[in-house]
Amino acid sequence: MKKLISKSTAILAGPGLGKSYEAVRAMEIIQKSGKYAVLDADAIRITGEAIIPVMENAIYTPHSEEFRVLSGYEANRENAERFARENRCVILLKGKTDIITDGKRTIMSSGGTPRMATGGTGDVLAGLAAGLLARGMKPFRAAVLASMINKKAAESLEKFSGYWWNTSDLIENLGPTMKEYYDYVNTRG
């Protein structure tokens, strides 16, 4: 694992990770790597249960309950900003309107569809953010753009498919949606 991480530009951890000894050890290795990371699901829980410290420059993608576990605070803009500022990380607090903050800057990303509350769409969001980090984008910008593209892809699916689409459909629609935002995606800042 250390060898793979050393060759990586960015890391995504959390979906399906579990909380075993091996999972905690993997999180420790990721933290020590100094690489940009997107942390979701079980990675958030491992951090929130104080098994490992919060990673600086990482993007955390919690929903409201995961944010409470991570921070000990109620999920709202003020608390997301405070936690991000105190821990020098980026919070992408998922919801009907995503709150993306690094503690200094905050973007409210609205849109999407009610279908996005379905399992798997948060994993797509985390993967998209990690992919943008791997392209050289900075964490705050990657989180903002990932939120926007994920929501726009879901909106366009709903126009054509109504309520009946799944995570695989969302993944297939990311490319065409990213193409619409080509100039933003190809800016590294």
Side-chain angles (χ1 to χ4, degrees), residues 1 4-5 8-20 22-73 75-76 79-81 83-84 87-103 107 109 112 115-135 137-151 153-154 166-168 170-171 174 178:
M1 185 176 167
L4 287 173
I5 288 174
S8 301
T9 307
I11 301 161
L12 168 59
L17 182 64
K19 295 192 309 184
S20 67
E22 292 82 8
V24 172
R25 182 71 183 119
M27 287 296 300
E28 290 170 345
I29 293 167
I30 291 166
Q31 186 172 47
K32 289 176 184 174
S33 75
K35 302 283 183 163
Y36 283 133
V38 177
L39 303 172
D40 189 36
D42 291 329
I44 291 171
R45 288 181 181 87
I46 288 170
T47 305
E49 293 172 6
I51 298 171
I52 67 161
V54 175
M55 287 179 61
E56 290 185 14
N57 295 313
I59 300 172
Y60 286 85
T61 59
H63 54 61
S64 59
E65 178 58 21
E66 289 170 334
F67 181 76
R68 189 193 61 70
V69 169
L70 176 66
S71 67
Y73 305 138
N76 60 42
N79 289 335
E81 290 171 340
F83 186 82
N87 292 283
R88 297 196 299 258
C89 64
V90 173
I91 296 293
L92 194 167
L93 182 55
K94 299 178 287 197
K96 185 174 181 179
T97 298
D98 291 346
I99 301 168
I100 305 112
T101 184
D102 63 3
I107 298 288
S109 177
R115 183 84 173 133
M116 294 181 80
T118 303
T121 58
D123 297 341
V124 173
L125 174 65
L128 184 54
L132 293 169
L133 284 176
R135 292 178 54 92
M137 203 171 279
K138 299 292 184 202
F140 180 74
R141 184 178 180 84
V144 170
L145 196 54
S147 173
M148 182 180 72
I149 289 170
N150 201 42
K151 287 179 179 287
N166 62 32
T167 304
S168 295
L170 180 62
I171 292 167
L174 289 178
M178 287 179 80

* To do: Measure the spacing between CG of Asn57 and NZ of Lys35 and express it to the nearest 0.5 Å.
  => 13.5 Å
* Asked: What are the two closest heavy atoms between Asp40 and Pro15, and how far apart are they?
  -> OD2-CG, 3.9 Å
* Glu28 CD to Ile30 CD1 distance, which is reported to the nearest 0.5 Å -> 10.5 Å
* Asked: How long is the span from the CG atom in Leu170 to the CZ atom in Arg115, to the nearest 0.5 Å?
  -> 10.5 Å
* Do the side chains of Val144 and Ser109 get nearer than 4.5 Å, heavy atoms only? -> no
* N/O donor-acceptor pair under 3.5 Å between Thr101 side chain and Glu81 backbone -> no
* Asked: Mind checking whether Thr47 and Leu70 have side chains closer than 4.5 Å, heavy atoms only?
  -> yes
* With the threshold set at 4.0 Å, does a side-chain nitrogen-carboxylate oxygen contact exist between Asp102 and Lys138? -> no
* Set of side-chain hydrogen bond (donor to acceptor under 3.5 Å, both in side chains) partners for Gln31, sequence neighbours left out -> none
* Taking side chain as C-beta onward, heavy atoms only, is Ile91 less than 4.5 Å from Ile99? -> no
* Structure fact -> Distance col, row Ile11:CD1 vs Ile5:CD1, nearest 0.5 angstrom, shows 4.5 Å
* To do: Specify the closest pair of heavy atoms between Ala153 and Leu174, including all atoms of both residues, with the distance to one decimal.
  => CB-CD2, 4.0 Å
* Asked: Donor-acceptor pair, Thr118 side chain versus Asn166 backbone, under 3.5 Å?
  -> no
* Quick one: closest heavy-atom pair of Ala41 and Glu66, and the distance? => CA-OE2, 3.4 Å
* Closest heavy-atom pair and its distance - Leu93, Ala80 -> CD2-CB, 4.4 Å
* Asked: Do Leu132 and Arg141 come close enough that some side-chain heavy atom pair is under 4.5 Å?
  -> no
* Are any of the side-chain heavy atoms of Leu145 and Met137 separated by less than 4.5 Å? -> yes
* Asked: Looking at OG1 of Thr9 and OH of Tyr36, how far apart are the two atoms once the value is rounded to the nearest 0.5 Å?
  -> 11.0 Å
* Asked: According to the interplanar angle, ranging from 0 to 90°, do the rings of Tyr60 and Phe83 count as parallel (below 30°), tilted (30 to 60°) or perpendicular (above 60°)?
  -> perpendicular
* To do: Could you give me the CA-CA distance, side-chain angles and deciding distance for Arg25 and Glu22, then say whether salt bridge (charged side-chain N to carboxylate O under 4.0 Å, His left out) is met?
  => CA-CA 5 Å; Arg25 182 71 183 119; Glu22 292 82 8; over 6 Å; no
* To do: Considering non-hydrogen atoms only, spot the tightest contact between Ala134 and Ala10 and give its length.
  => N-CB, 3.7 Å
* To do: Kindly compute the distance separating CG (Leu133) from CD1 (Ile59), expressed to the nearest 0.5 Å.
  => 4.0 Å
* Asked: Do Lys94 and Asn150 have side-chain heavy atoms sitting under 4.5 Å apart?
  -> no
* Taking the side chain as every heavy atom from C-beta outward, state whether Asn79 and Ser71 have any atom pair closer than 4.5 Å. => no
* To do: Provide the closest heavy-atom pair for Cys89 versus Ala58 in the form atom of the first, atom of the second, distance.
  => CB-O, 3.5 Å
* Going through the checks in order, is the side-chain contact (heavy atoms from CB on, under 4.5 Å) test met by Met27 and Leu17? -> CA-CA 10 Å; Met27 287 296 300; Leu17 182 64; 3.9 Å; yes
* Asked: Mind checking what makes salt bridge (charged side-chain N to carboxylate O under 4.0 Å, His left out) contact with Asp123, not counting sequence neighbours?
  -> none
* **Set of salt bridge (charged side-chain N to carboxylate O under 4.0 Å, His left out) partners for Lys151, sequence neighbours left out** => Asp98
* To do: Indicate yes or no: at least one non-hydrogen side-chain atom of Asp42 is less than 4.5 angstrom from one of Arg45.
  => yes
